[in-house]
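Right, one structure below, let's go through it.
Treat the numbers as computed from the prediction; the structure is a model and nothing was measured. Counting from 1, the numbers follow the sequence of the chain as shown. We count ligands from 1, going down the list as the structure has it; atoms in each ligand are counted the same way.
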Amino acid sequence: MNAALEYGQAESGNATGLGRVVEPGTIDVSHGPILYLEDLTVQFGGFRALNKLSLSIDDGELRCVIGPNGAGKTTMMDVITGKTGPRNANVSGRVFLGQTIDLMRMTEPRIAQAGIGRKFQKPTVFEQHAVWENLELAMKADKRWWSSLRARLTGEGHRRIEETLALTGLEDEAYRPAGLLSHGQKQRLEIGMLLMQQPQLLLLDEPVAGMTDEETMQLAALLNSLRGSCSMMVVEHDMEFVAALAGGEGKVTVLAEGSVLAEGTLDSVKRDERVIESYLGR
Ligand SMILES: Nc1ncnc2c1ncn2[C@@H]1O[C@H](COP(=O)(O)OP(=O)(O)OP(=O)(O)O)[C@@H](O)[C@H]1O
């Protein structure tokens, strides 16, 4: 298999319309979107969990996705990350990372390597290991940060761990076992672990569930500080958290019954009668 196909890129599709050739594994965002879903349908038996879902996220954007239980938010993330796909489910439509990387043709590990990181609702950290070691382990898969002979962390690797500790507000916890952290700190550590893989697109599924108000706002500050270094899609029910991320200008997508019900600023979707009816209540 040639490299372009291995990365899910169409064989003749790795030259952009602008005449630029994109290296295999590089995400081509020359047209704006980093993620593009078109007519995505997922059926479980006769039931459509996603129903011709189309949406796109621009490179650098932080998009919040809200919607009632069962709207298809997790199913959408499962398809983007390759957990659900044509190999194991009844799926149709298009799912592209940038212009050229066809995620429907790729396995879950390949999609992660292509630059998509996913944070599930519950934190999954190595509880017995110190915070620093958790970040080190997260980096281990990536050979760039290890000197080849003795498999020791490079100076640059050290620097990146320190940077991530600062970014996640965990400097004072660096040598504590992760199992002793609070729930909010564990969630921030897991995001730090994902950041060690330098994702281009980060998907977060209900990251503030079970957090105190203070932890929720700390996480909002962390995600806001990541703007510019990666694009993000955040599925969340907590409207204060959504407001802290979307601000007055950010786009919010409302999913219902497997499709986009509304999209726009938080204020505009909150005023939308269909959104009030199906999700926010009167
Ligand atoms: N493997 C499966 N088999 C059958 N039905 C499924 C499967 N996975 C999801 N569903 C159904 O698809 C619909 C969408 O589920 P999904 O978990 O994607 O919704 P959601 O928007 O993430 O909901 P929540 O906010 O509760 O997490 C639900 O009705 C769910 O029961």
Side-chain angles (χ1 to χ4, degrees), residues 35-57 62-95 97 103-104 106-108 111-112 116-124 183 186-187 190-191 194 201-211 215-216 219-220 223 231-246 250-264 266 269-270 272 274-282:
L35 182 71
Y36 178 76
L37 313 182
E38 186 185 297
D39 282 343
L40 183 60
T41 297
V42 176
Q43 296 201 59
F44 296 114
F47 173 73
R48 288 188 171 209
L50 295 181
N51 188 11
K52 290 188 162 290
L53 171 67
S54 296
L55 69 86
S56 73
I57 295 186
L62 193 173
R63 174 72 59 86
C64 293
V65 178
I66 60 176
N69 294 330
K73 304 178 296 294
T74 302
T75 305
M76 172 182 68
M77 288 202 175
D78 287 347
V79 177
I80 296 167
T81 54
K83 189 173 174 206
T84 298
R87 287 178 188 82
N88 62 6
N90 187 347
V91 180
S92 63
R94 285 154 57 87
V95 182
L97 182 63
L103 297 177
M104 293 268 261
M106 293 164 71
T107 60
E108 221 176 332
I111 291 173
I116 298 185
R118 181 176 187 179
K119 164 92 190 73
F120 289 92
Q121 194 174 327
K122 285 198 181 131
T124 47
H183 177 65
K186 281 183 191 168
Q187 295 287 50
E190 198 188 358
I191 290 171
L194 287 167
L201 175 64
L202 204 48
L203 308 178
L204 299 110
D205 200 351
E206 297 190 36
V208 301
M211 279 192 188
E215 288 173 333
T216 298
L219 187 63
L223 298 187
S231 310
M232 287 168 271
M233 182 197 263
V234 183
V235 163
E236 193 45 73
H237 289 290
D238 183 319
M239 294 306 276
E240 282 189 23
F241 181 63
V242 170
L245 296 180
K251 207 187 259 183
V252 174
T253 300
V254 186
L255 287 195
E257 297 178 8
S259 313
V260 173
L261 177 67
E263 203 163 75
L266 184 57
V269 299
K270 276 165 103 175
D272 189 312
R274 295 162 307 167
V275 177
I276 295 167
E277 190 75 44
S278 84
Y279 182 50
L280 297 174
R282 288 174 190 280

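- Panel note: side chain Q187, backbone P207; a donor-acceptor pair is recorded below 3.5 Å.
- Taking R274 as the reference, L261, A262, D272 meet the side-chain contact (heavy atoms from CB on, under 4.5 Å) condition, with sequence neighbours excluded.
- Atom CG of L62 sits about 9.5 Å away from atom CG of L202, to the nearest 0.5 Å.
- Under 4.0 Å is where a charged nitrogen must lie from a carboxylate oxygen, and between E263 and R63 at least one such pair does.
- The CG atom of L201 sits 7.0 Å away from the CE atom of M233 when rounded to the nearest 0.5 Å.
- For ligand 1, the 4.0 Å heavy-atom shell contains residues F44, F47, A49, P68, N69, G70, A71, G72, K73, T74, T75, E206, H237.
- The closest donor-acceptor contact from the side chain of K73 to the backbone of P68 lies under 3.5 Å.
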